[in-house]
Amino acid sequence: MKKLLIFLGVLGTVLLFLLASASGNTSESSQYYKLILALNALLLIALAILVGSRLTQLLKRVRSKVFGSRLTIRMVLMFSLVAVLPGALVYTLSVQFLNRSIETWFDVRVDNALDRGLNLGHNAIDYQLNDLQRKASVIAWDIHDNSLSALLERLSKLRDQTGVQEITLFDNNGQVHAHIGNEYASLVPSLPDRKIITEAERGSYKAIESDPVNGLMMRVIVQLPGSEFSNRVKLLQLLQPVPKQLAQDAELVEQVRGEYKQLSQSREGLKLIFSLTLTMALTMALLGALALAIYLSDKLAAPLSVLAAGTRAVAQGDFTQQHPVISRDELGILTHSFNRMTRQLSDARDTLEHNQAEQAEAKAYVEAILASLSAGVLSLDEDWHLQSANHSALRILGLDPSRIGDLPLSKWNQAYPNLTAFFAHTIHGFLSDDEVWQRQIELDAEKRVLLVRGTRLTQKIDGSDDLHGYVMVFDDITELLSAQRDAAWGEVARRLAHEIKNPLTPIQLSAERMEMKLVEKLDPAGAEFLRRNTQTIVKQVAALKQMVDAFRDYARKPSGKKRPLDLMQLLNEVLVLYEASPIMLDFKVHGPLMINGDPTHLRQVIHNLLQNAQDAITDAAEQRICLLVEKDEKWARLYIEDSGKGFPAELLPRVFEPYVTSKAKGTGLGLAIVKKIIEEHHGRVQVGNSTGAFVRIELPLWEETTSG
C-alpha cells in the first residue's frame, strides 16, 4: 500500500503539472491538453477505485466486528474532514480569482494598438513595393530603345544606381534576354509562372512573396514601352528583398495580434479549462488525502489488531507470536511485554520440538542410507506386517506394497505365489533359535539365487528382551555365482588342457609303433585284431585331443587382436561353407556393418551357432534355419533361429554353463565359448525358445566403441 501510494502521488504530481502547463493556449503542450486531461481522469478513476475498495474492506471489517476496525474508520473520518474543509475553501477562492483575472486580460485599447501596429507594418512594406514599381517604370523607359549589345551595360549601371538586387528582361514566352544581379542574387533568373506573366501583359504586376532563403521578396513586373505592338511582349522584372528588420517586426506584430485574437475568442473556453484543471487538482488531492488517511489509520490501528490476534493465537496454543516494537510509548511497552511472555512460553515448546526433530532426522538418515543400498532391506513388526522396504528390496523381489496391504508375511504368497519358497525360508529363519541367521534361497521360477540374512529386533525392558519386530537383508548373487562358476570352469579347463594333453601323443605313438612292430609277426587273424584295436586307440586319442582343445579355447585369455571389421563380410565368408544348409537369410542392413572385434573368434561364434542349429534340425519335420541381421543406433544384432525342438526347459537357465548339453555327443562348451567371446567384445547374448531354439547376439557398433 505504501509503495502504491508513493507511485500514485508522484504520477499525480507529474500529470497535474503537465495539465497546468497545457491549460494555456501559448504553451507548447497545449495541443496535448485532451490527452493529458484523459490521463489525469484515468488516474482519478484509479484513485477512486483504490479508495472505494479500501473503504469497502474497512466497512466489511466493521460489520464483522474485527478488533480495531471502528477505531480505524473513526480516524479516517477525522483525517478526511481535516483535508476537505481547507480544500473546499481554497478551491472557491481560486475559481473566483481566476474568473476575474481572465476578464482583466482583455482590453479594447490593447486590441486597437495591435491593429494599428499591424497596419503600420503593412503600410511600410507597401511603400517599399510602390517605390520598387516606380524604379521598374523608370528603368523600362530608359532601356526600351537600347540595342542588345548595350543593354547589359546599361542595366548594370541602373541596378547600381537603384540598389535593386536582381533585374531580368524576358519576353512573354519565357525567353530571358538579360539578367543582372548583385552578389546575393541567384545565377539563374527566378521567372514567374504563366499566370503572373499574363497579368503583367495587361499592365503591371507587383507582389510580396515568401522565399525560403531570403525571406520576404518584392517582385515587380512591367512592360517595356512599344513592345506591345510586336509579336513578343518584353517584360522587365525587379526582385528586391524586404528589409529583414521590417519583415521581422511586421511578422511579430501579426503573430501577437493573431494570438491575442485567438485568446479573446476563447475567453470562455479558458475559463472552462482552468476551472476544470482546478477541479481535477482538487478532486485528486482530496482522493489522495483520503487514501493517505486510510493508510495512516491502518498503520496506527495495526499494532492493536496484531496484539489482539496474538492474544487469540496464544489462547489456542501458538507461542511463536513476536511483534516488532515500533514506538516507545505505552503501546510499545505493551508489545514488549507480550513478546517476552510468548518467548518464555515458546522456549519450552522449542525444546520438545527439537528433540522430536532430532529423532525424525535420525530416522530420515537411516532411510536415506537404506534407499542408497543395492541390497534389499525389509522390516516387519512383531505381527509380521510390513513396516518399511527400500527400493532395492521392491526391485529384487518385484513387490508392490499396495498388493500386500495388511497381510502378514505368512500370507504374502497369496499375492506372489512365485515367492512362496522365499517367504517360507524367511519365516523358518526368524523362528529358529539363531539370533542372526543366513540362508541362500533359490527362486524356482526365475532361477535367481538370493543371499538372505535376518535378525529379530529386541529391546531390554525390566531385564528381559521385548520383541519389536524383524529385519532382513538380502542381495541377488546370481551373477556372482555365475562368475564364480565361470572362473572355476576356466581353472578346470586350464588344468585339463595341461594334464591330459601331454600323455595323449605318447599313447598314440606307442599304439602305432606297436602295430608296426607286431603286425608282421602275427597270423592274419591276430594282425587284424591288433590293427583294429590300434585304430580304436588312435581314434579315442584324437577325440580326447579335440575335447582338450575345446577346454583350452574356453579357458583362453582375450587375444587382444580386435580391429574394425565388417560383420556382413565375415558372415558371407562363413555362409559359403553352409550353402547346402536350409538357411533363410534376412539382411536388413545394406552395406558394411562395422564392429570392433577379433575375426577369428567371431568366426568361431558363427560356426558354433550354425552347427548347433544344423544339429537341432536333423530329426525335425521341417528343416529350416533363419538368419536375421539388423542394427540400431548403437548395436549390431545377429539372430539365429532353427525349427528344432528347442532347449529343454530344465536346461534353459544353465545353457551357458560348461558341459551342459542336450546332445548325446558333445562337450557342452559351444554356447559357453560363444558367451565368453561375446562378453569379451562387450556384447550381449540371449537364448530362448519360440518355434524352435533361438540365439540373439548384440555387438556394439564400431563408431560407438571408438567414441567410448
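This one's a predicted model, so the numbers in the text were calculated from it and none came from an experiment.
The ring of Tyr416 has its center no closer than 6.0 angstrom to the ring center of Phe423. Within the 6.0 Å centre-distance limit, the rings of Tyr578 and His607 are counted as a close aromatic pair.
Relative orientation of the Tyr639 and Phe694 rings is parallel, given thresholds of 30° and 60° on the angle between their planes.
The closest donor-acceptor contact from the side chain of Trp384 to the backbone of Ser410 lies at 3.5 Å or more, if one exists at all.
Taking a cutoff of 4.0 Å between a charged side-chain nitrogen and a carboxylate oxygen, Asp586 and Lys588 qualify as a salt bridge. The existence of a salt bridge linking Lys562 and Glu680 is excluded, since no basic side-chain nitrogen approaches an acidic carboxylate oxygen closer than 4.0 Å.
The 12-atom threshold is exceeded at CZ of Arg531, counting heavy atoms of other residues, nucleotides or ligands nearer than 6.0 Å. Residue-environment remark: CE (Met584) stays at or below the threshold of 12 foreign heavy atoms within 6.0 Å. Remark: His385 NE2 is packed, more than 12 non-hydrogen atoms of other residues, nucleotides or ligands lying under 6.0 Å away. More than 12 heavy-atom neighbours from other residues, nucleotides or ligands sit within 6.0 angstrom of CG on Asp383.
Across every non-hydrogen atom of Gly688 and Phe647, the tightest pair is O-CD1, 3.7 Å. Minimum heavy-atom separation, Ala613 to Ile640: CB-CG2, 4.5 Å.
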Inset, instruction - Before giving the answer on side-chain contact (heavy atoms from CB on, under 4.5 Å), spell out for Val471 and Val377 the whole-Å C-alpha distance, their side-chain angles and the decisive distance to 0.1 Å. - result: CA-CA 7 Å; Val471 63; Val377 180; 4.1 Å; yes

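Taking the centre and axis of the six-membered ring of Trp635, the NZ or CZ atom of Arg684 falls inside the cone set by 45° and 6.0 Å.
Residue Leu699 forms a side-chain contact (heavy atoms from CB on, under 4.5 Å) with just one option from Arg637, His682, His681, and that option is His681.
No side-chain N or O of Gln623 forms a donor-acceptor pair with one of Ser643 less than 3.5 Å apart.
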